[in-house]
Amino acid sequence: MLLRIDQSSTTPLFDQLASSIRGAAITGGVKPGERLPAARDLAESLEVNVHTVLRAYQLLRDEGLVELRRGRGAVVTDRAERYSQLSAAIDTVVVEARALGIAPDTVTALLREALK
Amino acid sequence: MTETPTIVGQKRHLIFGIVIPVLISVVGAIVAMTWLPQLPDTVAIHWSEDGADGYGSPWTLILIPPVITVLFTVATEYTVRAARRARGATNNEKILVATRSFLSVILTTGTVGSLAVQRGLADAADAPNISAPMIIGAIGGLVLAAVVWFILPTAAPLTFDEKPEAEPLDIAPSERVYWARTVHISGAVVALIAVALAVAIGAAILTMVSSSNGSSLALGVAVFVALVSIGMSFWRVRADRRGFVVRGALGWPRVTIPNADIDQVRVVDVNPTADFGGWGWRWAPGRRTGVIMRRGPGIEVTRRDGRRLVVTVDDAETGASVVKTLIARSSARR
């Protein structure tokens, strides 16, 4: 599980952290049942406030990717498995787009349109 | 006729690595079986300093050597055979093969010897001391193991070769990184550990049956083996600005290497038996420590003092790149 946050970015830190963890779930870097690092530990590592980490964890709990349990911390749910299916689907899109020679910008535009 | 790639010393391995140890234990068992009519119904199977203090069926003593020798030979043959096919056996695998002969001789001499002295006895309580066969067995076992060692083909060199260092991540200086991964042993190794546990528990039960004072110790050993197996089977690997940390599920063992102490980091391809002589928390030549949970890619961190730590882990590539990024940052800060 690779987590990256950028202090100089305009995106809020908790948002960056949440999407980093989400990304790890999609690529299989973190698996269902796995425990995320303790908020205090992760905060110390990334040099952010512990509330920033907790807020990211709460965001992920709200979308069902982690379960927050007293004493057990944040545990990744089975939803991570489904997220990695999305990753496989994205791979298919990339392969198809390359085969057809469609420019990356066009593909993202198509995706954005389809997601509306 | 189709030729499979020739493996050096195929015949020698078959005769000295498999047939001889198994044959010794089987012949010993057969000889002991012919003594059955002369033996008391219950024989002494356990001794303390004062003489015999545990009794059981002679079959226990007759069957122990062939069963253990065959089990050990079968259990080790899988990895040894794979290694011999791939590149020839290294010292680590040769030790496994030679150990079969040692086991076979010490068990056979010990049990057959202790039955031999009980022939014609009316009461097993009169069984004399058996330290002589045990000592002879230990010496004989070592001698045969040494002979087997020299007969087997020369050891293949360790397969560990130097790989280029990992590339740092493509990230902005303002970015913070944290990388963590859990590692655990594979199903096949779980099975091996289960066998080891079964042996430990079996030994505990046997000791309980045969002697009363050793039982709590043996049970303690079994529980200890169980705890250590769990603690050594699940690990967490972490790399961040604080350093590279590898720690067992129970919090111990734990190795922490500050980024400032790291000289190099690379992805290596680990072959557990050849490079580290097996799985688990391991030591190897070249001042290497390993947390070896499976075959395949791992992260090798070289400290400034030359010691190396190898961890087999999924996505070792990313992990090594994170470490490389972090050590570049830590040296830039100084």
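Quick note on labels: first sequence line is chain A, next is B, and so on, each numbered from 1.
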Region of B:I171 in contact with chain A, defined by heavy-atom distances below 4.5 Å: both
B:V177 versus chain A, the contacting section by heavy-atom distance below 4.5 Å: both
Those residues that, when tested against A:A24, pass side-chain contact (heavy atoms from CB on, under 4.5 Å) (two or more places apart): A:M1, A:V30
Between chain A and chain B, which N or O donor and acceptor atoms come closer than 3.5 Å?
from	atom 1	to	atom 2	distance (Å)
A:M1	N	B:A180	O	2.7
A:M1	O	B:A180	N	3.0
A:L3	N	B:Y178	O	2.7
A:L3	O	B:Y178	N	2.9
A:R4	NE	B:E175	OE1	2.9
A:R4	NH2	B:D170	O	3.4
A:R4	NH2	B:E175	OE1	3.3
A:R4	NH2	B:E175	OE2	3.2
A:I5	N	B:R176	O	3.0
A:I5	O	B:R176	N	2.7
A:D6	OD1	B:S174	OG	2.5
A:D6	OD2	B:S174	OG	3.4
A:Q7	N	B:S174	O	3.4
A:S8	OG	B:S174	OG	3.0
A:G28	O	B:R181	NH2	3.2
A:D41	OD1	B:R242	NH1	3.0
A:D41	OD1	B:R242	NH2	3.1
A:E44	O	B:R241	NE	3.2
A:E44	O	B:R241	NH2	2.5
A:S45	O	B:R241	NE	2.9
A:S45	OG	B:D240	OD2	2.7
A:L46	O	B:R176	NH1	3.0
A:E47	OE1	B:R176	NE	3.4

Atom CZ of A:R55 with >12 non-hydrogen neighbours under 6.0 angstrom: no
